[in-house]
Amino acid sequence: MRAGAGRRPLSLTLRVALLLSAMAAAVFLAAGAYLYTTLARQMGARDDVELINKATQIRRIIAGLPSPQAIAQDRRPLMAALSGQDDFMLRVDGPDGAALLQSARASGPLPQVDSVPPQRPLTLADVHDWTPAEGAGRMVSAAGQVGGETVRITLARERSDRLKILRAYIGDLLLALCGGALLAALLGYLIVRHSMRRLRSVIAKANDINANRLNTRLSLRDAPAELRELGEAFNAMLDRLEDGVQRLSGFAADLAHDLRTPVNTLMVETQVALARPRTAEEYQALLASNSEEYERLARMIENTLFLARVDNAQLALRREPLDLRAELLRIHDYFEILADDAGVRLEVDAPAIEAWLDPVLLQRAVGNLVSNALRYTPAGGVIRLSARRAGPGVELAVANTGPGIAPEHLPHIFERYYRADAARSSPAHSAGLGLAIARAIMELHGGNIRVGSGDGGFTTFFLLFKKN
């Protein structure tokens with residue numbers, strides 16, 4: 001057994017809630033990253049401006065002293081400029097490079113950078129990075145004038161406190177992100193669960209539908225737009241199921257009825273024959289009668305199997321070029337003796353038309369129609385077989401004189417085991433499958449069959465093969 005094969009999938013409500021949570025986390029993360037970057041950039045810019053201002057202030061203080069030695073003799077003016085700034089380190093080197101003043105020892109080596117000339121003001125471009133023992137730092141180096149001599153001013157600042165603030169800010173952002181994602185998941189779950197109430201009612205309604213209540217339909221009057229299409233598709237499926245079940249029930253009932261007649265005939269005749277001794281002629285007559293019933297049962301079973309193969313797409317067409325006039329004449333010759341016995345005239349009115357069709361299925365479809373017409377055409381009547389071109393395809397017609405078909409029967413005559421006139425449909429000759437088979441054959445060819453009754457005293461069946 002595969003791992004996870006028995007694992008139940010997550011509910012739609014939980015999936016949407018998790019999706020909302022992931023989306024909220026992504027939004028919070030993007031917003032937090034933007035805020036963090038903005039804050040770090042602003043803090044860095046503010047620190048650089050403050051560093052330049054302090055360096056400029058120290059430049060002015062030094063410029064007011066009489067000589068470089070005054071810097072070493074009185075540190076108070078310069079140290080006062082850095083009062084309260086414990087993270088600053090100031091170093092002033094004299095003209096000879098010796099240190100005149102150093103406020104504190106740097107925790108790391110300061111890089112050697114060019115000093116800004118005394119005449120040029122300091123800008124943000126003059127601030128450089130340096131690496132203290134912990135964290136990061138920024139520094140600026142500028143030349144100053146004192147008593148006509150040039151001194152070097154180096155002012156550096158460690159940013160460990162700023163980095164601590166940023167790290168604390170990251171912690172707060174992550175905490176807010178987790179809390180926001182969990183809150184979004186909870187709210188999303190509650191909102192989706194509330195929104196799914198209508199779907200749960202639809203599911204409950206669907207669970208009430210069974211084989212005995214296929215006429216029940218989902219109410220779509222108050223359904224939201226997202227569920228209306230699903231409900232319409234479900235109701236359409238129920239329509240098809242109900243129609244299929246009704247047709248299957250009718251099919252089973254009709255099949256049982258039609259099978260019962262020959263089976264009862266066989267059983268009764270056999271019981272009567274066995275009731276007392278019979279002559280050889282009587283047994284021979286019984287066997288002949290039974291043979292007719294067996295043939296009828298065989299035809300019924302064969303027709304039913306044919307329709308079943310068509311329904312399950314197990315029957316392949318074998319198309320070949322056919323001369324429709326020759327095919328209709330062949331059918332005419334087959335039924336001519338039966339037509340003469342019934343006093344019916346059989347006619348063929350068709351030019352030489354070539355069509356790519358299955359010859360066996362074509363003969364079966366037209367033969368069923370002719371056989372059906374022979375049953376309902378009175379003596380002295382006419383059955384006419386015709387063919388003509390119809391656009392890119394061809395159309396065959398089987399027309400017969402007679403009483404015609406009542407309008408209420410026309411929509412149903414191609415259904416299986418349907419008989420328009422039960423009084424005239426003898427079970428010994430018809431099982432009600434001939435027209436259903438003709439329709440199935442036409443559907444296999446991609447065509448259709450229709451009927452017109454009462455036009456000029458004829459009942460006409462039209463076979464339209466759309467693609468020739």
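In what follows, every heavy atom counts, from backbone to side chain, and hydrogens, waters and symmetry copies are set aside.
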- Note on the structure: For Leu174, the side-chain contact (heavy atoms from CB on, under 4.5 Å) test, sequence neighbours excluded, returns Ile170
- Only counting residues at least two apart or in another chain, list the ones meeting side-chain contact (heavy atoms from CB on, under 4.5 Å) with Asn448. Leu464, Lys466
- In Å, rounded to the nearest 0.5 Å, how long is the span from CG of Leu324 to CZ of Arg388? 12.5 Å
- Message: Is the shortest side-chain heavy-atom distance between Leu20 and Ile191 below 4.5 Å?
- Response: no
- Quick one: list whatever passes side chain to side chain donor-acceptor pair (under 3.5 Å) with Arg60, sequence neighbours left out. none
- Message: A side-chain contact here means heavy atoms from C-beta on lying under 4.5 Å apart; do Gln145 and Thr150 qualify?
- Response: yes
- Glu327 meets the salt bridge (Lys or Arg N to Asp or Glu O under 4.0 Å) criterion, sequence neighbours left out, with Arg330
- Query: With sequence neighbours excluded, what pairs up with Thr56 under the side chain to side chain donor-acceptor pair (under 3.5 Å) test?
  - Reply: none
- Between the main-chain N or O of Ala350 and the side-chain N or O of Arg325, is there a donor-acceptor pair closer than 3.5 Å? yes
- Message: Within the 4.5 Å heavy-atom criterion, are Thr459 and Tyr376 side-chain neighbours or not?
- Response: no
- Item | Leu385 CG to Ile331 CD1 distance, which is reported to the nearest 0.5 Å | 7.0 Å
- Where do Ile58 and Ala81 come nearest, in terms of heavy atoms and distance? CG1-CB, 4.5 Å
- Message: Going by side-chain contact (heavy atoms from CB on, under 4.5 Å), name the residues that satisfy it together with Pro321, two or more places apart in sequence or in a different chain.
- Response: Glu354, Trp356
- Message: How close do Arg59 and Pro121 get, counting heavy atoms only, and between which atoms?
- Response: NH1-CA, 4.2 Å
- Task: Measure across Leu369 and Ala438 and return the closest heavy-atom pair with its distance rounded to 0.1 Å.
- Result: CD2-CB, 4.5 Å
- Query: If you round to the nearest 0.5 Å, how far is CE of Met139 from CH2 of Trp130?
  - Reply: 9.0 Å
- Message: According to side-chain contact (heavy atoms from CB on, under 4.5 Å), who are the partners of Pro77, at least two apart in sequence or on a separate chain?
- Response: Ile61, Asp74
- Query: If you measure from CG on Leu396 to CG on Leu357, what distance do you get to the nearest 0.5 Å?
  - Reply: 8.0 Å
- Query: Quick one: CD1 on Ile153 to CD1 on Ile62, what's the gap to the nearest 0.5 Å?
  - Reply: 3.5 Å
- Query: Can you find a heavy atom in the side chain of Ile52 that is under 4.5 Å from one in the side chain of Asp126?
  - Reply: no
- How about Leu155 and Met89: do any of their side-chain heavy atoms sit closer than 4.5 Å? no
- Mind listing the closest non-hydrogen atom pair of Phe462 and Ala397 along with its distance? CD2-CB, 4.0 Å
- Item | Side chains of Glu149 and Val151 in contact at under 4.5 Å (non-hydrogen atoms) | no
- Item | Note: Arg138-Asp47 ion pair, threshold 4.0 Å (strictly below) | no
- Message: So Glu50 and Arg157, do their side chains get closer than 4.5 Å, heavy atoms only?
- Response: yes
- Task: State, with a plain yes or no, whether a side-chain heavy atom of Ile441 is found less than 4.5 Å away from one of Asn368.
- Result: no
- Message: Please determine whether the number of non-hydrogen atoms from other residues, nucleotides or ligands lying under 6.0 Å from atom CZ of Arg120 exceeds 12.
- Response: yes
Distance-only donor-acceptor hits, side chain of residues 21-40, under 3.5 Å, sequence neighbours excluded:
from  : atom 1 : to     : atom 2 : distance (Å)
Ser21 : OG     : Ala181 : O      : 3.1
Thr37 : OG1    : Ala33  : O      : 2.8
Thr38 : OG1    : Tyr34  : O      : 2.8

- Which atom of Val394 lies closest to which atom of Ala355, heavy atoms considered: CG2-CB, 4.1 Å
- Message: Can you list everything that forms a ring-ring contact (aromatic ring centres under 6.0 Å, His included) with His412? Sequence neighbours excluded, please.
- Response: Tyr418
With a 3.5 Å cut-off and sequence neighbours excluded, list the donor-acceptor pairs that the side chains of residues 109-117 form with protein atoms.
from   : atom 1 : to     : atom 2 : distance (Å)
Ser115 : OG     : Ser141 : OG     : 3.0
Ser115 : OG     : Arg152 : NH1    : 2.6

- Item | Residues in side chain to side chain donor-acceptor pair (under 3.5 Å) contact with Asp96, at least two apart in sequence or another chain | none
- Item | Any residue meeting side chain to side chain donor-acceptor pair (under 3.5 Å) with Glu443, in chain and number order, not counting sequence neighbours | none
- How many angstroms lie between CE in Met442 and CG in Leu362, if you round to the nearest 0.5 Å? 9.0 Å
- Query: Looking at Ala55 and Leu122, what are the two nearest heavy atoms and their distance?
  - Reply: CB-CD1, 3.4 Å
